[in-house]
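As a basis for the values below, the full set of heavy atoms in this structure was taken, side chains included, without hydrogen atoms, waters or symmetry mates.
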Amino acid sequence: MTQIDIYGLGAALLDTEVEVSDGDLSALSVEKGVMTLVDEPRQHELMASLKGHLVASKRASGGSAANSIIAASYFGSHTFYSCRVANDENGEFYLADLASAGVQYHSSNGSNDGITGKCLVMITPDAERTMNTFLGISEQLCFDDVDENALKQSKYVYIEGYQVTSESGRPTAIKLRQQAEALGVKTALTLSDPAIVKFFHDGMREMVGDGVDILFCNEQEAQSFTQCDDLDSAFEALKTYAKTFAITRGSEGALIFDGEERIAVSAPEVKAIDTNGAGDMFAGAFLHALSQGKNYRTAGEFGCKAAAQIVTQFGPRLQPEQYKALVASL
C-alpha cells in the first residue's frame, strides 16, 4: 500500500443545501448556527417544509472529516477515510464519490443493511450554516471500520469530534487515537461544533485523552472546551490538550500554536455567501501542507486561502481547477 498522508475517521453523510431566512429557522424551531441530530421523520418534515429552497441539488459525499479528507485528496495528498454507509443507493453513490475524489476506504464498507446518513444544511443570508443531521448507519461506526494496515502506513490520523455523540463512534475514535500513538502516527482532532463541545464536554475530553498532536477548533469551541471566558486564556489552556493547534476566526484568519510560537494568520478579504465547510476546508488544506513538509505558518496561510475560497460559493467543495490554483500558490 502507498504511504497514506492523512487517515480520516468520521461520519458519512449525503449533503443537501437550502437557502433559508432567520424567520424560516424560527418557524421550524431550528437552532441557528449549530449541528442538531434529528431522526429521519423530522428531517423529512424539514425537507418538505423547505421544498423549493434547494440550492445544491447535486448530491455530494459529506460529513465534517470527509470534507477535510476529500479536500486534502484534491490538493494531492494520499488519503484514506474510515466511515460507514449502508448497502443502499445513497451508500453506493457515497463510496463512488469518495473514489472519484481519490480517497481510499475500507473494502467492506457498504456491505451492511440500514440507511446511509443524510445532512440538511440550511444557509441564512449572513452566510451562517445550520445543520440538521440524520446519522443513519453512520451512528454505528465501530473499530471494524478501521483499516489497521492503512493506519500503519499513515503520517497523520484526523478524527472528527462529532463521533463523541455515538456510543460506538466515541470508543472507536479513542482506540484509533491510541493505536496511532503506539504506531508513531501523528494525531489530529477537530472539536467540530460549539453545541457538541458544550453538551458532550466530558466525552470530548476523553477523546482528546492526554493530548493530541494537532487540535482544530474555532474561537467558540476553544473557549467552551477549555471553559475560559476569553480567547487569550483559551489559547494558553489549549496547550494542556494539544502539542500544536489552530483556532479559526472566520474573516479574521486563524491563531496557530506550532509548539513554540503563537502565529497570527490573516484571511483574504472575500464576500462570504456560505460558511458551510469552511472549517473542514481549513483543516484539510492545513494537514495537506504539513504532510508535504510545510511549516505551520505556511499551512495556516494555505488553510485560510482555501477556506476563503470555499465561502464564496455554495457547497463544501471546489472545482478541480480551483484546487490546482491553490496548490500552485503553496
Side-chain angles (χ1 to χ4, degrees), residues 2-8 10 15 17 56 58 60-81 97-104 121 123 127 129 154-156 158 160 186 188 190 214 216-218 244-256 258 263-330:
T2 305
Q3 184 173 42
I4 305 296
D5 294 310
I6 310 162
Y7 185 119
D15 285 345
E17 284 203 351
K58 184 178 180 182
S61 47
S64 175
N67 290 338
S68 300
I69 294 300
I70 289 168
S73 184
Y74 276 119
F75 287 131
S77 287
H78 294 291
T79 60
F80 193 101
Y81 192 53
D97 201 33
L98 281 185
S100 70
V103 179
Q104 300 178 66
V121 185
I123 310 298
R129 95 287 183 271
S154 300
K155 294 180 185 177
Y156 291 89
Y158 180 64
E160 180 185 279
K186 294 197 174 192
T190 172
I214 311 172
F216 293 95
C217 57
N218 62 26
T244 66
F245 52 83
I247 304 173
T248 55
R249 307 184 66 205
S251 62
E252 295 184 57
L255 274 181
I256 296 163
D258 66 358
I263 302 166
V265 177
S266 60
E269 190 172 333
V270 296
K271 179 174 175 53
I273 63 170
D274 177 8
T275 58
N276 180 40
D280 302 336
M281 176 62 78
F282 178 92
F286 192 96
L287 287 172
H288 168 72
L290 288 186
S291 73
Q292 304 307 305
K294 305 300 183 183
N295 62 32
Y296 274 68
R297 179 179 291 279
T298 300
E301 291 170 346
F302 186 60
C304 284
K305 280 193 285 188
Q309 184 80 59
I310 202 71
V311 302
T312 63
Q313 61 181 54
F314 287 108
R317 200 176 299 184
L318 299 173
Q319 296 299 314
E321 61 272 16
Q322 292 174 295
Y323 290 106
K324 290 177 183 177
L326 283 164
V327 169
S329 71
L330 183 59

Contact summary for [X] and [Y], nearest pair of heavy atoms:
| X | Y | value |
| --- | --- | --- |
| Cys304 | Ala267 | CB-CA, 4.2 Å |
| Ala285 | Gly303 | CB-CA, 3.8 Å |
| Glu160 | Tyr81 | OE1-OH, 4.0 Å |
| Ser100 | Tyr74 | O-OH, 4.2 Å |
| Ile256 | Ala246 | CG1-CB, 4.1 Å |
| Val265 | Arg297 | CG2-O, 4.3 Å |

Exercise. Rounded to the nearest 0.5 Å, how far apart are OG of Ser61 and CD1 of Ile69?
Worked result: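 Between Ser61 OG and Ile69 CD1, I get 12.0 Å after rounding to 0.5 Å.
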Problem set entry | Separation between OG of Ser291 and CD of Gln3, rounded to the nearest 0.5 Å |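 So the gap between those two atoms works out to 9.5 Å.
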Exercise. Under the side-chain contact (heavy atoms from CB on, under 4.5 Å) criterion, do Tyr158 and Leu287 qualify, and how do the steps go?
Worked result: CA-CA 9 Å; Tyr158 180 64; Leu287 287 172; 3.6 Å; yes
Side chains of [X] and [Y] in contact at under 4.5 Å (non-hydrogen atoms):
| X | Y | value |
| --- | --- | --- |
| Thr248 | Phe216 | no |
| Tyr296 | Leu290 | yes |
| Val311 | Val270 | yes |

Is it true that a side-chain atom of [X] and a backbone atom of [Y] form a donor plus acceptor pair closer than 3.5 Å?
| X | Y | result |
| --- | --- | --- |
| Gln322 | Gln319 | yes |
| Tyr156 | Ile4 | no |
| Glu17 | Val121 | no |

For this session: Sequence neighbours left out, what passes side-chain hydrogen bond (donor to acceptor under 3.5 Å, both in side chains) with Thr275? Give chain and number order.
Result: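 Listed in chain order: nothing, the list is empty.
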Problem set entry | Set of residues satisfying side-chain hydrogen bond (donor to acceptor under 3.5 Å, both in side chains) with respect to Glu252, sequence neighbours excluded |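 Expected list: Arg249.
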For this session: Could you go through the side-chain contact (heavy atoms from CB on, under 4.5 Å) check for Ile70 and Leu98 one step at a time?
Result: CA-CA 7 Å; Ile70 289 168; Leu98 281 185; 3.9 Å; yes
Problem set entry | For Phe245, all residues meeting ring-ring contact (aromatic ring centres under 6.0 Å, His included), sequence neighbours excluded |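 Listed in chain order: Phe235, Phe257.
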Exercise. Phe282: what forms a ring-ring contact (aromatic ring centres under 6.0 Å, His included) with it, not counting sequence neighbours?
Worked result: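 Result, ring-ring contact (aromatic ring centres under 6.0 Å, His included) vs Phe282: Phe286.
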Problem set entry | Intermediate values then yes/no, salt bridge (charged side-chain N to carboxylate O under 4.0 Å, His left out), Asp97 and Arg317 | CA-CA 12 Å; Asp97 201 33; Arg317 200 176 299 184; 3.2 Å; yes
Donor-acceptor pairs under 3.5 angstrom involving side-chain atoms of residues 323-330: please list them, not counting sequence neighbours.
from, atom 1, to, atom 2, distance (Å)
Tyr323, OH, Leu318, N, 3.1
Ser329, OG, Lys305, NZ, 3.0
Ser329, OG, Leu326, O, 2.6

Exercise. Going by atom types only, do Thr79 and Tyr7 share a side-chain donor-acceptor pair under 3.5 Å?
Worked result: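 There is no such pair between these side chains.
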Exercise. When you look at Thr298 and Asn295, which way does the side-chain hydrogen bond (donor to acceptor under 3.5 Å, both in side chains) test go after all the steps?
Worked result: CA-CA 5 Å; Thr298 300; Asn295 62 32; 2.9 Å; yes
For this session: Might you work through the side-chain contact (heavy atoms from CB on, under 4.5 Å) test for Gln292 and Ser77, ending with a clear yes or no?
Result: CA-CA 8 Å; Gln292 304 307 305; Ser77 287; 4.0 Å; yes
For this session: Only pairs at least two apart or in different chains count here, so list each salt bridge (charged side-chain N to carboxylate O under 4.0 Å, His left out) that has a residue in residues 269-288.
Result: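 Counting only pairs at least two positions apart or across chains, no salt bridge (charged side-chain N to carboxylate O under 4.0 Å, His left out) contact touches residues 269-288.
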